[in-house]
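Written out below as structure tokens is the structure these notes cover.
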Amino acid sequence: MRVRADMPPGHVRTPAYLRGKTGWVERKLGSFPNPEQLAYRHHPAPSPLLRIRFTMAELWGAEAENPHDTVDAEIYAHWLQPAEAPHAP
């Protein structure tokens, strides 16, 4: 999955350093109200939340000290796009 590279104004829950990066679904966590909408007192319908795993090489490129190490982030589905993802180690 690729994280959308958008930089919208306002309250967002997806870290900027992950935007535009590609990882794979480590697991599906269920559906929850979107906190980006809850912050503005909206009443959103539940949205899928997924744990996405990224390699350090994907995040930091040649600067990665341990390129095969990984980091997981919980990201709502509306931030994700299908992409050619690296294979899980």
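Values in this document were obtained by computation on a predicted structure and should not be read as measured data.
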Inset, instruction - Apply the side chain to side chain contact (heavy atoms under 4.5 Å, CB included) test between Trp79 and each candidate in Leu18, Asn34, Asp6, Ile52; give the one that qualifies. - result: Asp6
Inset, instruction - Check whether any side-chain heavy atom of Phe32 sits under 4.5 Å from a side-chain heavy atom of Pro46, and report yes or no. - result: no
Inset, instruction - Check whether any side-chain heavy atom of Met56 sits under 4.5 Å from a side-chain heavy atom of Asn66, and report yes or no. - result: no
Inset, instruction - For Arg4 and His78, run side chain to side chain contact (heavy atoms under 4.5 Å, CB included): C-alpha distance rounded to whole Å, both residues' side-chain angles, the deciding distance at 0.1 Å, then the answer. - result: CA-CA 9 Å; Arg4 288 185 6 226; His78 69 276; 4.0 Å; yes
Inset, instruction - Could you tell me whether Glu58 and Lys21 have a side-chain N and a carboxylate O separated by less than 4.0 Å? - result: no
Path from [X] to [Y] over hydrophobic side-chain contacts below 4.5 Å:
| X | Y | answer |
| --- | --- | --- |
| Leu59 | Val3 | yes |
| Tyr17 | Met1 | yes |
| Leu80 | Val25 | yes |
| Val71 | Trp60 | yes |

Legend entry - Which atom of Pro67 lies closest to which atom of Thr55, heavy atoms considered: O-CB, 3.6 Å
Inset, instruction - Give the minimum heavy-atom separation between Phe54 and Ala73, together with the two atoms involved. - result: CE1-CB, 4.2 Å
Legend entry - Under 3.5 Å: donor-acceptor pair, side chain of Arg19, backbone of Thr14: yes
Legend entry - Arg51 side chain to Ile75 backbone, donor-acceptor under 3.5 Å: no
Legend entry - Point-to-point distance, once rounded to the nearest 0.5 Å, from CD of Glu26 to CG of Leu50: 10.5 Å
